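Along the sequence shown, residues are numbered consecutively beginning with 1. The model shown is predicted, which means the values in this text are computed figures rather than measured ones.
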Amino acid sequence: MPHAVIAPSAVWRGSPTFWATYNDHAIQLAKELVESNPRTSKKGDVIRARKLIAANHRRARAIDQVHKTSGIGPRCEESDRLLEIMVEAEDAVCAYPASNLADLEAKLAFFEERDLAKNDGNMALVLADARRLLAQKGR
């Protein structure tokens, strides 16, 4: 759903605040302005704040309607379930101790293929494997 922008923007504590539904800070500010002013207030900022809150509610309702009619909820749940399985499998490969250089080479290739080397914890596992294999070679 597209975001709504209510013009003009406001200045809050010296910084411009865009009256837009993508700006959580502006929505919070709008709620505070509306709560602190009487319903009959015709001040420009209060009117814009009410418009922003209404636009945010309309957008949220439209998103809810899309979720209900598209069936995206169960699809997202299935995607999350499959992601959890994938992460558990990756973690199992990472944690499996390499017993020889071929295992270590396969683990490194897996890390590179899955872009797992960025995780410091994974690299600690590889270093432990390398140290263990080097110690075995020295025997």
Side-chain angles (χ1 to χ4, degrees):
M1 291 298 122
H3 284 280
V5 177
I6 310 298
S9 64
V11 175
W12 176 252
R13 296 182 182 159
S15 300
T17 297
F18 295 98
W19 292 107
T21 55
Y22 60 78
N23 186 340
D24 292 336
H25 174 72
I27 293 167
Q28 185 60 41
L29 172 61
K31 289 177 181 177
E32 290 173 15
L33 269 173
V34 168
E35 289 171 4
S36 65
N37 283 278
R39 285 183 106 30
T40 56
S41 177
K42 300 287 186 199
K43 293 179 188 173
D45 280 345
V46 176
I47 292 169
R48 284 187 289 278
R50 286 189 182 114
K51 287 181 180 180
L52 177 60
I53 292 167
N56 195 49
H57 284 299
R58 283 191 302 274
R59 184 172 185 277
R61 282 194 312 267
I63 290 170
D64 287 345
Q65 187 62 31
V66 167
H67 279 257
K68 288 176 186 172
T69 59
S70 70
I72 198 167
R75 290 183 180 104
C76 288
E77 290 171 12
E78 178 66 4
S79 175
D80 290 347
R81 185 185 73 76
L82 293 172
L83 177 63
E84 190 174 318
I85 291 169
M86 181 188 75
V87 169
E88 287 175 9
E90 286 177 348
D91 288 348
V93 170
C94 294
Y96 187 81
S99 59
N100 55 51
L101 288 177
D103 286 351
L104 183 59
E105 184 178 19
K107 185 182 273 192
L108 289 171
F110 180 79
F111 278 25
E112 192 170 52
E113 176 187 311
R114 309 288 294 180
D115 202 22
L116 299 174
K118 292 178 185 174
N119 181 329
D120 290 338
N122 289 338
M123 290 313 295
L125 295 169
V126 170
L127 289 173
D129 285 341
R131 287 187 185 107
R132 189 175 51 261
L133 291 173
L134 287 170
Q136 288 175 358
K137 188 175 183 179
R139 288 183 198 169

- Item | Pairs touching residues 56-75 that satisfy salt bridge (Lys or Arg N to Asp or Glu O under 4.0 Å), sequence neighbours left out |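 Applying salt bridge (Lys or Arg N to Asp or Glu O under 4.0 Å) to every pair that reaches into residues 56-75, excluding sequence neighbours, yields nothing.
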- Task: Sorted by first residue and then second, give each salt bridge (Lys or Arg N to Asp or Glu O under 4.0 Å) pair with at least one member in residues 80-106; sequence neighbours left out.
- Result: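 Qualifying pairs, neighbours excluded: Glu78-Arg81, Glu90-Arg114.
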- Task: Could you pull out all residues at least two apart from His67 that satisfy ring-ring contact (aromatic ring centres under 6.0 Å, His included)?
- Result: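 Residues passing ring-ring contact (aromatic ring centres under 6.0 Å, His included) with His67: none at all.
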How long is the gap from [atom1] on [X] to [atom2] on [Y], to the nearest 0.5 Å?
X      : Y     : atom1 : atom2 : answer
Phe110 : Cys94 : CZ    : SG    : 6.0 Å
Arg48  : Asp45 : CZ    : CG    : 4.5 Å
Lys31  : Leu52 : NZ    : CG    : 9.5 Å

Do you reckon [X] sits in the same ILVMFWY cluster as [Y], going by side-chain contacts under 4.5 Å, direct or chained?
X      : Y     : value
Leu29  : Val34 : no
Ile27  : Leu33 : yes
Leu108 : Val93 : yes
Ile6   : Ile53 : no

- Query: Between the main-chain N or O of His3 and the side-chain N or O of Thr21, is there a donor-acceptor pair closer than 3.5 Å?
  - Reply: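 Here the side-chain-to-backbone pair does not exist.
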- Query: Nearest heavy-atom pair of Trp19 and Ala30: which atoms, and what distance?
  - Reply: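 Closest heavy-atom pair between Trp19 and Ala30: CZ3-CB, 3.4 Å.
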- Query: Listed by chain and number, what are the side chain to side chain donor-acceptor pair (under 3.5 Å) partners of Asp129, not counting sequence neighbours?
  - Reply: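 For Asp129 the side chain to side chain donor-acceptor pair (under 3.5 Å) partners, ignoring immediate neighbours, are Lys107, Arg132.
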- Task: Would you mind listing the cluster partners of Val87? Hydrophobic ones only (ILVMFWY), side-chain contacts under 4.5 Å, chaining allowed.
- Result: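 Grouped by the 4.5 Å side-chain rule, Leu83, Met86 form the rest of the cluster around Val87.
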- Task: Quick one: name the residues clustered hydrophobically with Val66, using the 4.5 Å side-chain heavy-atom rule over I, L, V, M, F, W, Y, and just say none if it's on its own.
- Result: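 Traced through the cluster, Val66 reaches Met1, Ile63.
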- Near Tyr96 OH, under 6.0 Å, is it more than 12 heavy atoms from other residues, nucleotides or ligands?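 Open.
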